[in-house]
Amino acid sequence: MTASHSSRTFSIRRYAPEPGAWGKITARDSVVRKLDWILLLSCAALSLIGAVLVHSATRNRTELNHGEPYFFFLRHLLNTGIGLALAALTIWLGHRTLRGAVPVLFGLAVVLALLVLTPLGSTINGSRSWLAIPGGFSLQPAEFTKITITLGMAMILAARVDAGDRPHPDHRTVVQALGLAAVPVAVILLMPDLGSVMVLGAIVLGVLMASGASNRWILGLLGTGVVGCLAIWQFGLLDEYQIARFAAFANPSLDPAGVGYNTNQARIAIGGGGLTGSGLFRGSQTTGQFVPEQQTDFIFTVAGEELGFLGAGLIIVLLGVVLWRACRIARETTELYGTIVAAGIIAWFAFQAFENIGMTLGIMPVTGLPLPFVSYGGTSMFAVWIAIGLLQSIRAQRPVSAAR
């Protein structure tokens with residue numbers, strides 16, 4: 001009798017444990033690994049350098065710091081921390097999610113800008129561009145319009161292209177995008193905040209160039225801008241303090257003790273720094289409080305005087321790294337919407353940094369624009385970090401195969 005043995009095949013299933021927190025962070029498709037850390041660290045370095053420069057400019061200004069030498073230093077760090085949190089929130093939401101919320105965000109930004117023209121608004125240095133809020137704080141809505149105008153125009157210009165209907169925006173789409181941009185520009189002109197209008201103009205040009213719109217629109221806008229500036233000057237639509245600033249830019253020796261004072265003192269501070277500077281907290285112009293608004297608009301003069309050409313050059317190099325990484329993100333994204341948003345941010349940062357540094361050197365008119373990440377100012381800090389969050393989101397939401 002033969003005993004038959006039945007053979008059974010057993011399939012062994014391997015159960016892998018769920019990855020822990022560190023595994024999720026280091027996974028190839030994790031958001032953390034997709035972030036552009038060179039961009040992030042460059043922005044953080046600029047903010048930290050700014051905190052030290054702000055402290056140098058304000059530690060002896062008892063009329064500003066309320067007798068607390070570290071008041072502005074700590075506030076700058078707090079603003080940076082809030083900005084980082086806003087960037088993280090923006091990355092978590094994602095630029096594609098925010099695309100659907102653009103109409104609400106755009107409307108909110110315009111309403112806030114309009115509130116500046118009401119009794120809630122306050123005037124600083126001749127410009128009624130601030131909104132007083134409880135607790136002694138203030139908000140500058142124009143900073144948020146830089147974000148919403150970028151997102152809004154990108155949404156309109158990229159809609160039919162990303163859907164595959166057209167290879168590039170047609171004339172009707174461009175007109176719609178320009179009509180949307182005209183709303184916040186008109187409101188900010190009423191304040192008037194000429195510096196912010198100039199930045200918005202740069203953003204509009206950058207967005208249109210990245211969208212693939214016809215070159216006739218670019219040339220037409222440039223021509224319209226020149227004609228508009230001449231008309232504003234000819235018909236006296238500028239405020240008296242704005243005319244004085246342009247006159248001082250054209251001829252700094254015109255009124256060295258008046259409208260030309262800021263530019264002259266800024267040049268003296270930067271020129272006295274030499275190659276390595278006079279040393280941190282040892283600048284005579286900074287310590288003597290000769291440069292007005294030094295913690296905000298003229299923060300670059302502190303770097304030039306106390307850190308010299310090398311220290312000021314480091315700031316410019318870091319800003320260049322930020323623009324380089326942003327250009328790389330714009331080039332590598334696979335959707336037109338992301339490319340346009342990144343291009344708008346690049347135009348914003350590039351023009352504002354050039355204008356701020358240029359006015360301290362006397363090669364650009366004084367317009368009251370802060371140096372991104374470096375100057376003191378909560379609203380400005382929040383806006384630039386939200387922009388970094390958008391750039392990081394554009395990079396992180398690329399397909400894995402496109403990531404480098």
Side-chain angles (χ1 to χ4, degrees), residues 39 43 83 86-87 89-91 93-110 112-113 140-159 161-162 169 173-174 176-188 193 195-213 217-218 221 322-323 325-327 329-331 333 335-353 355 369-370 372-373 379-395 397:
L39 173 63
C43 295
L86 291 173
L89 177 62
T90 303
I91 297 170
L93 291 173
H95 69 288
R96 292 171 184 163
T97 301
L98 291 174
R99 183 176 186 171
V102 165
V104 176
L105 296 175
F106 184 86
L108 180 61
V110 172
L112 288 174
Q140 193 174 13
E143 293 294 333
F144 295 129
T145 62
K146 298 171 186 176
I147 300 171
T148 55
I149 202 172
T150 301
L151 293 175
M153 291 188 69
M155 180 188 69
I156 293 174
L157 292 169
V161 177
D162 283 340
T173 303
V174 174
Q176 292 173 343
L178 291 176
L180 178 138
V183 176
V185 170
V187 174
I188 295 173
D193 185 351
S196 293
V197 170
M198 293 169 64
V199 175
L200 292 181
I203 291 174
V204 170
L205 283 175
V207 161
L208 287 181
M209 292 175 66
S211 71
W217 283 105
I218 309 298
L221 281 176
V322 171
L323 294 176
R325 302 305 293 185
C327 287
I329 291 172
R331 185 181 68 249
T333 185
E335 57 179 2
L336 182 61
Y337 176 72
T339 299
I340 295 176
V341 172
I345 294 170
I346 293 167
W348 164 14
F349 285 7
F351 179 84
Q352 188 161 316
E355 165 61 28
L369 288 173
F373 302 101
T379 314
S380 173
M381 185 69 77
F382 304 158
V384 294
W385 274 108
I386 290 173
I388 294 301
L390 287 170
L391 289 174
Q392 296 286 12
S393 171
I394 293 169
R395 175 182 168 85
Q397 293 190 15

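Here the structure is a predicted model, which means the values were calculated and not measured.
- To the nearest 0.5 Å, the span separating CD1 on I203 from CD1 on I346 amounts to 12.0 Å.
- Between I394 and G338 the shortest heavy-atom distance is CD1-O, 3.4 Å.
- Between T333 and V341, the closest side-chain pair of non-hydrogen atoms is not below 4.5 Å.
- Looking at heavy atoms from C-beta onward, W348 lies out of side-chain contact with P372 at the 4.5 angstrom threshold.
- For T150 (side chain) and K146 (main-chain N/O), a donor-acceptor pair under 3.5 Å exists by modelled atom type.
- A 4.5 Å side-chain heavy-atom check between E143 and F382 finds every atom pair outside the cut-off.
- Counting heavy atoms from C-beta on, the side chains of L390 and L98 come closer than 4.5 Å.
- Counting heavy atoms from C-beta on, the side chains of I345 and I388 never come closer than 4.5 Å.
- At least one donor-acceptor pair under 3.5 Å links the side chain of S393 to the backbone N or O of H95.
- Counting all heavy atoms, side chain and backbone alike, G212 lies closest to P169 at C-CD, 4.3 Å.
- Inter-residue side-chain proximity for L208 and V204 is flagged as met; some heavy-atom pair is nearer than 4.5 Å.
- Evaluated for a side chain to side chain contact (heavy atoms under 4.5 Å, CB included) with F106, the options L151, T148, I147 yield exactly one hit, T148.
- For the pair R99 and Y337, the cation sits on the ring face: its NZ or CZ lies under 6.0 Å from the ring centre, inside 45° of the axis.
- Side chains of E335 and R96 form a contact here, defined as non-hydrogen atoms less than 4.5 Å apart.
- With values rounded to the nearest 0.5 angstrom, M209 atom CE is found 13.0 Å from I340 atom CD1.
- T90 places no side-chain N or O within donor-acceptor distance of the main-chain N or O of G389, the cut-off being under 3.5 Å.
- A pairwise comparison of heavy atoms in A113 and V187 identifies CB-CG1, 3.7 Å as the closest pair.
- Separation of atoms CD1 (I91) and CD1 (I386) is listed at 11.5 Å; rounding is to 0.5 Å.
- In this structure, the separation between OG1 on T379 and CE on M381 is 11.0 Å, given to the nearest 0.5 Å.
- Checked against the 6.0 Å centroid threshold, F349 and F373 count as a close aromatic pair.
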Stepwise side-chain contact (heavy atoms from CB on, under 4.5 Å) test for Q140 and D193: CA-CA 11 Å; Q140 193 174 13; D193 185 351; 3.6 Å; yes
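- Q392 places no side-chain N or O within donor-acceptor distance of the main-chain N or O of A87, the cut-off being under 3.5 Å.
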Full working for side-chain contact (heavy atoms from CB on, under 4.5 Å) between T145 and V110: CA-CA 7 Å; T145 62; V110 172; 5.8 Å; no
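- A210 approaches L336 most closely through the heavy-atom pair O-CD1, 3.8 Å.
- Using a distance-only test at 3.5 Å, with no hydrogens or angles considered, a donor-acceptor pair links the side chain of T97 to the main chain of L93.
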side-chain contact (heavy atoms from CB on, under 4.5 Å) between I329 and L39, worked out: CA-CA 10 Å; I329 291 172; L39 173 63; 4.0 Å; yes
